[in-house]
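Report on one structure; see the data block that follows.
What you are looking at is a predicted structure, and each value in this text was computed from that prediction instead of being measured. Here is the naming used below: chain letters follow the sequence lines, and residue numbers restart at 1 for every chain.
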Number of protein chains: 2
Amino acid sequence: MSKQQTIKATESELEILNILWTEGPSTVRAVHEKLAETKDTGYTTTLKQMQVMLEKGLLSRDASTKTHVYTAAVNKEQAQGQMLQRMIETMFNGSAMQMVMQALGSHKTSKAEQELIREYLAKKTKK
Amino acid sequence: MSKQQTIKATESELEILNILWTEGPSTVRAVHEKLAETKDTGYTTTLKQMQVMLEKGLLSRDASTKTHVYTAAVNKEQAQGQMLQRMIETMFNGSAMQMVMQALGSHKTSKAEQELIREYLAKKTKK
DNA sequence: CCAAATGTACGACGATTATCGTAATTGACA
DNA sequence: TGTCAATTACGATAATCGTCGTACATTTGG
């Protein structure tokens, strides 16, 4: 069991990881098509990125058929937690609350979202 | 008022920005000393980074005296908001709640912190 | 007034990123 | 079974990052 010390990924890599996390094991073409919805880069770019990510241990793949199938090799929750933690440390002086407040205060977070968060916390408190 | 389109900063730059945000206008030496508490790089490295950040418009400076004084040129709340938003979009499928849940679920977030967040939200709800 | 000491400027270097062109491979099917 | 369209492999390139050595500039204390 290769314990992944610290997960380090760039913005682009995170995008790819997220696609794999939500879509499950996918081909390069599938990932690329998903990416193409928001950005405009060539197929080989995506391919290369995923090959590099494989090298780094961020992805794994099944190469038994012509069209390889890639899978996220890092745990979603763990990766998210680490990213968040890093952000909290470098930008919010280590305070998760400051970060949550910023997230809730932002106009980009909808009222509905805020309401959901409150409910979640209420439930968590009550338990 | 030069509208900063999108604030883009690396991890290192964020560290420097955060120091300036909390300490206020500072000299390179002051920033470097603060940085030295956690990392171990040379003075000129910090200097160069800050010069690059000046170039990029992330910092401004008063060079009227020998020892220049640098100031964060980007708004703290705006920068934090953008970073958060980007993270929410690329890693949490656009859901702030998913992010908050992850942050609260992490064992790195202390009970005390969680309690504070609950209080904050309770107050916000009551109002 | 001049020599340390303290700062800044400049540029270089290796590593990594994002991007892509082109070559090699392979599997399906006519 | 040979061809062709799709896919992967293999660099190459330009940009950015983090790092620092070294040269140049400027105070300031003796």
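With C:dG7, D:dG18, C:dT22 as the candidates, the nucleotide lying closest to the side chain of B:Gln49 is D:dG18. Here D:dC17 is the nucleotide among D:dC17, C:dA9, C:dG21 with the atom lying nearest to any side-chain atom of B:Lys56.
Put simply, CG on B:Leu54 is 15 Å from C1' on C:dC10, counting in whole angstrom units. For the pair A:His68 NE2 and C:dA24 C1', the computed distance is 13 Å after rounding to whole Å. Rounded to an integer number of Å, the gap from A:Met50 CE to C:dA18 C1' is 16 Å. Per the geometry, CG belonging to A:Leu47 stands 7 Å off P belonging to D:dA9, to the nearest Å. Rounding to whole angstrom units, NZ of residue B:Lys48 and C1' of C:dG7 are separated by 15 Å. Distance A:Ile16 CD1 to C:dT19 P: 10 Å, rounded to the nearest Å. Rounded to a whole Å, the CE atom of A:Met53 is 16 Å from the P atom of C:dT16. The NE2-P distance, from A:His32 to C:dA18, rounds to 16 Å in whole Å.
A close approach under 4.0 Å does occur between a side-chain nitrogen or oxygen of B:Tyr43 and OP1 or OP2 of C:dT8. Regarding contacts with the backbone of C:dG7, every side-chain N or O of B:Arg61 stays at 4.0 angstrom or more from both OP1 and OP2. Here A:Thr45 does not reach the OP1 or OP2 of C:dA18: none of its side-chain N or O atoms lies under 4.0 Å away. Contact between the side-chain N/O atoms of A:Arg29 and the OP1/OP2 oxygens of D:dA6 is not found at any separation under 4.0 Å. Taking only side-chain nitrogens and oxygens, A:Gln51 never comes nearer than 4.0 Å to OP1 or OP2 of D:dT8.
Residue A:Ile16 forms a side chain to side chain contact (heavy atoms under 4.5 Å, CB included) with just one option from A:Met50, A:His32, A:Lys34, and that option is A:Met50.
Nucleic acid contact for B:Thr10: sugar-phosphate only, since backbone atoms but no base atoms lie under 4.0 Å from a heavy atom of the residue. Contact annotation for B:Ser12: backbone-only contact, meaning every heavy-atom pair under 4.0 Å involves sugar-phosphate atoms and none involves a base. Among the atoms of the strands shown, only primed sugar atoms or phosphate atoms (P, OP1, OP2) are found under 4.0 Å from some heavy atom of A:Thr67.
No donor-acceptor contact under 3.5 angstrom links the side chains of B:Ser95 and B:Asn93, judged on distance only.
Side chain B:Lys66 to base C:dT6: a donor-acceptor pair is found below 3.5 Å.
Between B:Glu13 and B:Lys8 there is no salt bridge, since none of the side-chain N atoms of the basic residue sits less than 4.0 Å from a carboxylate O of the acidic one.
Of the two residues contacting DNA chain C, namely A:Glu11 and B:Thr27, the nearest-nucleotide position lying further toward the 5' end is that of B:Thr27. The 5' end of DNA chain D is approached more closely, in terms of each residue's nearest nucleotide, by A:Val69 than by the other of A:Val69 and B:Lys39.
Here the closest non-hydrogen pair linking B:Gln102 and A:Glu77 is NE2-O, 3.1 Å. Shortest non-hydrogen contact noted between A:Ser26 and A:Val31 is CB-CG2, 4.0 Å.
Of the possible polar contacts, one joining the B:Gln82 side chain to the B:Ile7 backbone as a donor-acceptor pair under 3.5 Å is found.
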